[in-house]
Amino acid sequence: MGDLSLFQLIVLTSIFIVCANAYIPRFLRGRPKGGFLGSPALDNLDGEELALVESDLPGAQFFNQKLDHFDTQDTRTWKQRFFQSCAIKSKVLFVMIGGEGTANPIWNVKGTWIDYAKKHGAVCLQLEHRYYGQSHPTLDTSLENIQYLSSEQALYDLATFIHTKKKEFGAEKVIIFGGSYPGSLAAWFRIKFPYLVDGAVSTSAPLLAQVNFKGYLEVVQNSLDTFKGTNESCNDAITAANTAIEILLPTHAGRNKLKSMFRLCNDIDVHEKKDIANLFSTLAGNFEGVVQYNKDNRAFEGAKGTNITIDTVCRIMTNKSLGDELQRYAQVNTLMLKTYAEKCTEFKYSKMIDSLRDVAWMSEAAEGGRQWTYQTCTEFGWYQSSDSEAQPFKHSFPIDFWTQQCQDIFNVKFNSTFIARAVAHTNDGYGALNYTQDRVVFVNGAIDPWHYLGITKSLPQAQAIYIPGTAHCANMYPATKEDPPALVQARAKIGQLIDQWLQ
Ligand SMILES: *[C@@H]1O[C@H](CO)[C@@H](O)[C@H](O)[C@H]1NC(C)=O
Ligand SMILES: *[C@@H]1O[C@H](CO)[C@@H](O)[C@H](O)[C@H]1NC(C)=O
Ligand SMILES: *[C@@H]1O[C@H](CO)[C@@H](O)[C@H](O)[C@H]1NC(C)=O
Ligand SMILES: *[C@@H]1O[C@H](CO)[C@@H](O)[C@H](O)[C@H]1NC(C)=O
Ligand SMILES: *[C@@H]1O[C@H](CO)[C@@H](O)[C@H](O)[C@H]1NC(C)=O
């Protein structure tokens, strides 16, 4: 024993998740299962076959952390997980900020930040985010207990951790890294705790909190438009397919046809408006996930789905010999079901809500879906509604569909007024796009819908790197031979900035 390969471990974990009798969408609020930042691919290192085994990875360590940083009378503590690698001792600390998923120790041995760390002989520390992975501050995620989940608490966790580790190592310099939500945390940490950090690499970071993130699907449309495989428009075909679904829904025969074509797990009840919205949104999710991670060198969920790209789905959508647009849209769905080993397409709203109401750590919801949903309801919004005109999925999952979920999952108090206030609080607290700190680099990919809420143009005091043609967090994954020149240059530029910050 002890020789289970990491790959086997990942496969075992995903089998556990797939077998659980719960329904959490594979792609929920822009977040794939596992979290925004997938694990780097295991065997795709620039020609080099690297068979990682468990013993190559650092073991988990735990850090005593305060439960509530905003109540000095509350002395309760919990154990926050972290991983250490690279140098054993150094005056330079590199810290990878954990996000809305389990911290994966693969990141302690692979990824671009490891290359930078080796160059500077740095110690690499990855700190798991509270309430995700094994970092459980409370007995469960009930509403009473999950109240200590917030970006503000997470930034204080990071501050106490960095403060302690700086002393422990006698370190003089600290560089922090984060991708997606942790990219936002990296930028915000530099605002709140400038004396603790000498530079921040903030990748694919949404900095503007927003209830109705309708720009998301606009970028999806633009990204699908980059497909040049045929003369047909991928977006027009998607629109035609969605129109065909709308035409079929009112009749019994039409609903039966949809059930069989899209391999739905249940009959469609035409009176259940939320089921219908969820169905449209689920089918759109087939494309959202592909766009968000197009060609990234990642392998989350044991390498599944990583070879499905914009080209793959648009080649299907524009291929007339595969039938009409509706049939092609169904074929994309079948491909996704097969790839993720799902028997049928879930879309029952009540089943999804029930799953997300589960407060146990041993539930599928605790993988992160419940916690991330809580953070969207109480801090960020970021709902990928169909409210824009400039997107191909019709208008079948409007903003109310999303905000209602906060009430249905957590509390009637979490209504649209509540969410709007929470989002305003977040923007006031961090300054949104009015960013005035220095020693930060903002890195974004043009294909990635999240760049819409980020800083993509350099500021007087902080540089932005906008990479044409790449998706979410592309620069963080290990380099491959297929990387476009702009991505290669971006990685080099970030390296130069780190060199400067460490001088
Ligand atoms: C696309 O259209 C152009 C000009 O309209 C034509 O020359 C070309 O052969 C077409 N390509 C395909 C794959 O149909
Ligand atoms: C993706 O890779 C898997 C496993 O290598 C393969 O079975 C599948 O056909 C590939 N899918 C596409 C769309 O290329
Ligand atoms: C369209 O689909 C057919 C049937 O699967 C396939 O033979 C053909 O190569 C496809 N065409 C394109 C352009 O992908
Ligand atoms: C949300 O709830 C508050 C009370 O908790 C109420 O004052 C407000 O009008 C509600 N907003 C909406 C849009 O229902
Ligand atoms: C940030 O800047 C925008 C304009 O870019 C402005 O509308 C907004 O009020 C500013 N927010 C703050 C908190 O200053």
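When a ligand or atom number is given, it counts from 1 through the structure's own listing order.
Checked for salt-bridge contact, E342 and R26 meet the test: a charged N lies under 4.0 Å from a carboxylate O. Between E152 and K192 there is no salt bridge, since none of the side-chain N atoms of the basic residue sits less than 4.0 Å from a carboxylate O of the acidic one. The pair D483-R491 counts as a salt bridge, with a side-chain nitrogen and a carboxylate oxygen less than 4.0 angstrom apart. Remark: D157 does not engage K66 in a salt bridge, criterion side-chain N to carboxylate O under 4.0 Å. With salt bridges taken as basic N to acidic carboxylate O contacts below 4.0 Å, one links D267 and K259.
Atom numbering of ligand 4 starts at 1 in the shown order; those under 4.0 Å from a heavy atom of S416 are 13 (C). Residue L322 has at least one heavy-atom neighbour below 4.0 Å for each of these atoms of ligand 3: 2 (O), 4 (C), 5 (O).
Of the protein's non-hydrogen atoms, the one nearest atom 6 (C) of ligand 3 is N319 ND2, 4.1 Å. Ranking protein heavy atoms by distance to atom 3 (C) of ligand 3, first place goes to S321 OG, 3.4 Å. For atom 11 (N) of ligand 4, the closest non-hydrogen atom of the protein is T417 OG1, 2.7 Å.
In this structure, atom 14 (O) of ligand 3 has a protein heavy-atom contact shorter than 4.0 Å.
Considering Y216, Y293, Y329, F227 as possible partners of F287, the one that fulfils the ring-ring contact (aromatic ring centres under 6.0 Å, His included) test is Y329.
Polar contact check, N415 against ligand 4: a nitrogen or oxygen pair lies under 3.5 Å apart.
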